2 protein chains.
Amino acid sequence: MSKEIILDNNTEELLRKHRLSVTESRLKILNLFMDQPGALAHGDIEKKAGEKFDRVTVYRTLQTFVEKGIIHTIPTADNSVRYALCRDECSEGHHHDHHVHFICTSCDTTYCLDDVVTPELKLPKGYVAQQIEVLAKGICNECSGK
Amino acid sequence: MSKEIILDNNTEELLRKHRLSVTESRLKILNLFMDQPGALAHGDIEKKAGEKFDRVTVYRTLQTFVEKGIIHTIPTADNSVRYALCRDECSEGHHHDHHVHFICTSCDTTYCLDDVVTPELKLPKGYVAQQIEVLAKGICNECSGK
DNA sequence: TCTGATTTTGCAACAATGTTGTATTTTTGT
DNA sequence: ACAAAAATACAACATTGTTGCAAAATCAGA
Ligand SMILES: [Mn+2]
Ligand SMILES: [Mn+2]
Ligand SMILES: [Zn+2]
Ligand SMILES: [Zn+2]
């Protein structure tokens, strides 16, 4: 019980920090992200929280979190965006998630490899990169140990 | 007229090479890819060819082309898969498109930068990468010249 | 703590996107 | 030219995402 209160306090604090009103659905969805290491697809969230909340609320909550810099999107090859918590550097309208993402082909978990920075690229003449996304697919830490 | 026949022969040859029967829709869609440098989203193809063909046919044609190694998919941040022609190395079930993709934020064209190979990554202990996708966003060759 | 303004939610209706089964048409190899 | 095989169109459906608005919850100030 006390643990739950602490968790709620954490998420509540995070919401207030980003000047968002504290609501049940936001707390619930934010806790889903806190409670596990990987990323979540919209579908995952809808399954875990959607029984309690409307589908539209989930959409709007995720959209708000992205705009405020609380979570960021991870593009995947199968055309299903996944979401993961941002680190502290991100703020409203300014994301700074310059890290590599990893999708495990065995357990299907998506990881933010926060310590693996996106590499530099030598692009052809005339091309100027503003942002670079790197998505690695393979076997994750957990699965390779087995 | 003769030009059209030459184009058709090219695409026809490509289809036969991959042991696909030559049909009007496959020729048409393949020519769409041939006739322009960038990648195409499903929506683009449906607009350009869909007046003539059923939507389902477009889906199944693209799926077939991907399976046969004629085109490959490009994951994008906005959750809309784009497709582009593969180079010769790809074959049924085995894609070898180890190049960087570039999306222009100005003209929204998606390019395969065939000469920019995906960089190596130093991943944390336990993570083994099988495939790496790199997606760069910025200003393209055409747009930066203006 | 009460209250009015503001924000968020749930609902409904809708649009867009993708999937599946099947009869018909087209293509292919002989 | 023909029979077998493959592809297509159509319909029906499922999933996913969007929008407007009334009701409910939250917030800030008194
Ligand atoms: Mn991340
Ligand atoms: Mn490519
Ligand atoms: Zn794994
Ligand atoms: Zn451009």
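The sequence lines fix the lettering, A, B, ..., with proteins before strands; numbering per chain opens at 1. Just so you know, these numbers come straight off a predicted model, no measurement behind them. Atoms considered below: every heavy atom in the structure, side chains included; atoms not considered: hydrogens, waters and symmetry mates.
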For this session: Using a heavy-atom cut-off of under 4.0 Å over every strand shown, decide if B:V22 touches base, sugar-phosphate, or nothing.
Result: sugar-phosphate
For this session: Test for a donor-acceptor pair under 3.5 Å between the base of C:dG10 and the side chain of A:R55, counting only N and O atoms.
Result: no
Exercise. Is a side-chain donor or acceptor of A:R16 paired with a backbone partner of A:V22 at a separation under 3.5 angstrom?
Worked result: no
Exercise. Are the ring centres of B:Y83 and B:F65 closer than 6.0 Å?
Worked result: no
Problem set entry | Touch class at under 4.0 angstrom, heavy-atom based, for A:S25 against every strand present | sugar-phosphate
Exercise. So, is A:S21 close to the C:dT8 phosphate, meaning a side-chain N or O under 4.0 Å from OP1 or OP2?
Worked result: yes
Exercise. Counting N and O atoms only, with roles assigned by atom type, does the side chain of B:S144 sit under 3.5 Å from a partner on the main chain of A:G126, one being a donor and the other an acceptor?
Worked result: yes
Exercise. Quick check: does any side chain N or O of A:N31 sit under 3.5 Å from a backbone N or O of A:K28, one acting as donor and the other as acceptor?
Worked result: no
For this session: Give B:R26 one of three labels, base, sugar-phosphate or nothing, depending on what nucleic acid heavy atoms sit under 4.0 Å from its own.
Result: sugar-phosphate
Seminar exercise, completed: The answer to which of A:V56 and A:T61 contacts DNA chain C further toward the 5' end, by nearest nucleotide, is A:T61
For this session: Give one of base, sugar-phosphate or nothing for A:R19, where a contact means two heavy atoms less than 4.0 Å apart.
Result: nothing
For this session: Go through the N and O atoms of the side chain of A:R60 and the base of C:dG10, and report whether any donor-acceptor pair is under 3.5 Å.
Result: yes
Exercise. What is the distance from NZ of A:K68 to C1' of C:dT8, rounded to the nearest Å?
Worked result: 13 Å
